[in-house]
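Start at 1 and go down the list; that is how both ligands and their atoms are numbered. Quick note: residue numbers are just sequence positions, from 1. Because only heavy atoms are used, hydrogens play no part in the values below, and waters and symmetry mates are left out as well, while side chains stay in.
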Amino acid sequence: MASVEAVLNQRLAAAFTTMAGEQLDPAVRRSQHADFQADAALALARKLGRNPREIAGQVVERAMLDDVCSATEIAGPGFINLTVRNEVLADLVTQTAADERLGVLPAENPDTVLIDYSAPNASKEAHVGHLRSTIIGDATVRLLEWLGHTVIRQNHIGEWGTPFGMLIEHLLDIGEAEAAHELSVGELGSFYEAARKKFDSDETFKDRSRRRLVLLQGGDELSLRLWKVLVDESKEYFLAVYDLLDVRLTRDDFVGESFYNDQLASVVEELDALGLLQSSEGTRCVFPAGFTNRDGEPLPLIVMKTDGGYGYDVTDLAAIRYRTRELNGTRLLYVVGLPQKTHFQMVFQAARDAGWVTPPMEVEHVGHGSILAADGKILRSRAGESVKLIDLLKEAVTRAEEQVKIKNPELDEDTAAAVAQAVGIGAVKYADLSTDRTRDYVFDYDRMLSFDGNTAPYLQYAHARIQSIFSRAESSPEDAVGPIAVNEPAERELVITLLGFEDLVHELSDSLEFHRLCAYLYGLATAFMTFYERCPVLRAENEFRASRLALCAATARVLAVGLGFLGISTPNQM
Ligand code: ARG
C-alpha cells in the first residue's frame with residue numbers, strides 16, 4: 001500500500017527530475033503549515049542559478065496534483081506546501097484499517113538475520129549493559145520476524161576463559177550444593193567476588209586455580225563436570241531474568257563462547273593458509289586492514305596467546321565464520337555496548353579479509369550506550385555492589401502495582417497483578433528504547449512509570465482507553481471496519497499519523513533506531529487524545545459513529561503492534 005508521502009513523493013519526483021535533468025529527491029515531509037512540505041526547490045534553484053519560488057511553481061504545475069491535493073501553495077523562499085484531499089486520506093486509511101498487516105508489506109527479500117544479543121557472563125553478575133542489549137535485541141527480533149525475515153538468536157554468553165579455574169576451586173571449597181544454590185538465585189556477583197578475594201590473597205588458592213584452569217582446558221572430566229554445574233546454574237538464573245522480562249530468548253539460544261572451542265584450531269589454520277596470520281611478541285595475530293593505534297601502528301586481533309591459549313577475539317572470528325558459513329546468515333547484527341565498537345569493526349574487517357563476509361551480506365554492530373544512576377555513575381545497589389537484574393525488574397513491577405492500584409482501585413487482585421507486570425516491565429523497556437540507543441540514559445523509576453509523557457504507561461493507557469470505548473459501545477474493535485470518513489482537523493491529524501506507520505516500520509528495519517518508533521507512537525497517542533476530545537465518537541450520528549469507531553480501532557491496533565515490536569504488552573483494561 002502506498003503511503004500519502006509515497007504518492008506525493010512519486011509525483012513530485014517526476015516533475016523535479018524533468019526540471020533538474022537528473023534524479024532528484026523532492027524531500028516531502030510532515031509540516032506544521034500544511035499536511036506536507038517539499039523543500040527540494042531551494043537546492044535545485046541554487047544549482048541552476050534560478051529563482052526558487054519560480055522553480056517550485058513550475059514543479060507544482062507539472063506534477064498535476066489536483067486529484068491528490070486540495071491545495072498547494074508556494075511559501076517563503078520556495079517551499080511547496082501540500083494539503084491532501086480528505087477523500088484521498090479517507091480511502092487510504094480505510095484500506096489500511098481493513099488490512100491485517102496495517103498496510104505494511106513483508107520484506108521483499110527476506111534475510112537470514114543472526115542476532116547476537118544479551119550475552120552476559122556466566123562468571124560474573126549480569127549488569128545493566130546486558131539488560132540493554134537484551135531489550136534492544138528482543139525488539140529487533142520481534143520487528144524483523146514480523147517483517148518476514150528468518151531470525152536466528154545467538155546468546156553469546158561468556159562461559160569460558162581464565163576465571164573458571166578460580167571459580168571451580170571456590171566451588172570445591174564451599175561444596176557443590178551450596179554453590180549451585182547461590183548461582184541459581186543470581187548470586188553470581190558475590191560468588192565471583194569471594195573467589196576473587198581468595199585468589200588475590202591466598203597463594204595456594206591461586207596455584208590451585210591455575211592448575212584447575214589447565215586441567216579444564218585439557219578436557220579433564222571432573223573439571224568439565226564442575227564447570228558445567230557453574231554454567232548451568234548461571235543459565236537458570238539468566239532464564240529467570242528473561243522470563244520476567246518477557247523476552248523471546250530461550251534455553252536453545254545459548255550459543256556461548258565454549259561452543260566454538262573445537263573450531264578454533266581450524267580458524268587458526270584457515271587464517272594461516274590465507275596468509276593473514278602474523279607473529280607478534282609471542283602471540284599470533286591478524287591485523288585487519290585499516291586499523292591503527294594513535295601512533296599509526298597496526299592494531300591486532302589476538303588469535304593465539306603466548307601460552308597457546310585462545311581468547312575473546314578468536315572466538316568472535318570463529319563465530320562470524322560459523323554464522324556465515326554454517327548458518328548462512330545474510331545480515332549479522334551484534335547488539336553490544338559501544339565500548340566494544342573497535343573490537344567488532346576489526347572482527348568484521350578480518351572476516352572480510354578472510355572472505356567469510358562478502359557482499360551483499362551485511363554485518364553491523366548495533367552499539368548502545370550505558371544505563372546510569374541519577375548521579376551519573378554506573379547503576380549500583382544501595383550497598384554499593386552491582387545491581388542484580390532480577391531485583392531491578394521486580395522493583396519496577398512492585399512500584400507499578402502501587403501506581404495501578406491508585407489509578408484504578410476497582411481492578412481485582414489478579415488483573416491488577418497482570419497489569420502491574422505489563423506496566424512495570426513495559427516501563428523499563430520503553431525507557432531504554434525511547435532513548436537514542438547510542439546515548440546513555442538515567443534509570444529513573446518515577447519517570448519511566450509516569451502516566452504522563454513519552455512513557456510506556458501513557459501509551460498502554462491510551463490503548464486501554466480505546467478498548468473501554470468499545471466496551472461502552474458494546475461492540476468489539478474487530479467489527480469496526482469503517483468506511484472511515486475524514487473531515488475534522490483532529491481527524492485529519494490522526495489519520496495522517498496513522499498512514500505514516502508503513503514508512504516508519506520499513507525505515508526502522510534498517511536503522512534499528514527504536515526511539516523513532518517510540519516518538520511515533522507517542523505522537524499517535526497524543527493525536528488520538530486530541531481527536532477524542534474534539535470529535536464525539538459514541539454520541540456521533542450513525543455513519544460518523546461507525547467511521548470514528550473504526551478510527552479508534554485502527555489506532556488501537558497500531559499502538560498494540562508498535563508496542564509489540566518493543567516487547568511491551570497492551571492490557572485491555574488498566
Ligand atoms: N559477554 C560479552 C560481555 O559481557 C559480550 C559478548 C558480545 N558478543 C560477542 N559476540 N562478542 O562483554
Side-chain angles (χ1 to χ4, degrees), residues 113-138 140-141 151-164 167 186 188-189 191-192 196 227 230-231 234-235 237-239 241-242 247 249 253-261 263-264 267 286 288 301-303 310-327 329 331-351 354 356-357 361-371 378-379 386-389 437 512:
V113 191
L114 272 290
I115 309 188
D116 182 316
Y117 67 113
S118 195
N121 300 315
S123 55
K124 294 193 199 126
E125 172 59 41
H127 55 72
V128 286
H130 299 118
L131 177 67
R132 222 174 163 192
S133 167
T134 308
I135 292 173
I136 299 169
D138 186 59
T140 308
V141 166
V151 173
I152 306 179
R153 301 176 294 258
Q154 301 277 287
N155 194 351
H156 192 92
I157 56 170
E159 28 65 313
W160 198 248
T162 39
F164 282 92
L167 293 171
L188 267 61
F191 189 89
Y192 179 87
R196 180 87 231 177
W227 167 79
L230 291 172
V231 174
S234 303
K235 283 185 184 171
Y237 171 62
F238 299 148
L239 287 169
V241 173
Y242 299 149
V247 293
L249 278 169
D253 303 321
F254 288 117
V255 189
E257 294 174 357
S258 70
F259 176 81
Y260 299 99
N261 281 349
Q263 301 174 29
L264 299 178
V267 166
V286 290
L301 282 175
I302 299 176
V303 171
Y310 299 115
Y312 193 61
D313 290 356
V314 68
T315 306
D316 260 325
L317 289 171
I320 201 166
R321 187 181 74 165
Y322 179 78
R323 290 169 189 183
T324 53
R325 203 177 270 175
E326 308 297 325
L327 301 178
R331 187 177 183 198
L332 272 52
L333 302 174
Y334 293 75
V335 187
V336 188
L338 280 168
Q340 295 194 39
K341 180 169 177 189
T342 309
H343 166 77
F344 284 111
Q345 300 311 334
M346 289 174 72
V347 168
F348 300 163
Q349 188 54 47
W356 300 333
V357 168
M361 234 181 248
E362 288 175 73
V363 286
E364 194 187 332
H365 174 214
V366 184
H368 60 75
S370 315
I371 308 181
I378 300 290
L379 202 63
S386 57
V387 189
K388 276 170 67 181
L389 289 189
R437 78 174 140 70
L512 304 176

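Assignment of His343 to the shell around ligand 1 is not supported, since no heavy atom sits closer than 4.0 Å.
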Could you please spell out the steps behind the side chain to side chain donor-acceptor pair (under 3.5 Å) verdict for Asp253 and Tyr242?
CA-CA 12 Å; Asp253 303 321; Tyr242 299 149; over 6 Å; no

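Under 4.0 angstrom from ligand 1, the non-hydrogen atoms of Phe344 all belong to its side chain. By the criterion of a heavy-atom distance under 4.0 Å, the side chain of Asp316, and not its backbone, is placed next to ligand 1. Contacts between Thr315 and ligand 1 below 4.0 angstrom, taking non-hydrogen atoms only, are absent altogether.
Every atom of ligand 1 is numbered from 1 in the order shown, and the set under 4.0 Å from a heavy atom of Asp116 is 7 (C), 8 (N), 9 (C), 10 (N). Annotation for ligand 1: atoms under 4.0 Å from non-hydrogen atoms of Tyr312 are 2 (C), 5 (C), 6 (C), 7 (C), 9 (C), 11 (N). Close approach of ligand 1 to His130 (heavy-atom distance below 4.0 Å) involves ligand atoms 3 (C), 4 (O).
The side-chain contact (heavy atoms from CB on, under 4.5 Å) with Val347 is formed by just one residue from the set Val286, Val357, Leu301; it is Leu301.
In terms of modelled atom types and a separation under 3.5 Å, the side chain of Arg153 and the main chain of Gly137 share no donor-acceptor contact.
Ring-plane geometry between Phe254 and Phe238 is classed as tilted, the angle between the planes lying from 30 to 60 degrees on a 0 to 90 degree scale.
Closest to atom 1 (N) of ligand 1 among all protein heavy atoms lies Asn121 OD1, 2.8 Å. Regarding atom 12 (O) of ligand 1, its nearest protein heavy-atom neighbour is Gln340 NE2, 2.9 Å.
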Under 3.5 Å, which donor-acceptor pairs link side chains of residues 310-320 to any protein atom two or more places apart or in another chain?
unit_1: Tyr312; atom_1: OH; unit_2: Gln340; atom_2: OE1; d: 2.6
unit_1: Asp313; atom_1: OD1; unit_2: His343; atom_2: ND1; d: 3.4
unit_1: Asp313; atom_1: OD2; unit_2: Ile302; atom_2: N; d: 2.9
unit_1: Thr315; atom_1: OG1; unit_2: Gly311; atom_2: O; d: 2.7
unit_1: Asp316; atom_1: OD2; unit_2: His343; atom_2: NE2; d: 2.8

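Considering backbone and side-chain atoms alike, Tyr334 places every N or O at 3.5 Å or more from each N or O of ligand 1.
The two residues Leu114 and Gly329 come nearest to each other via the heavy atoms CD2-CA, 3.5 Å.
Applying the ring-ring contact (aromatic ring centres under 6.0 Å, His included) test to Tyr334 and every residue at least two apart in sequence or in another chain returns Phe344, Phe348.
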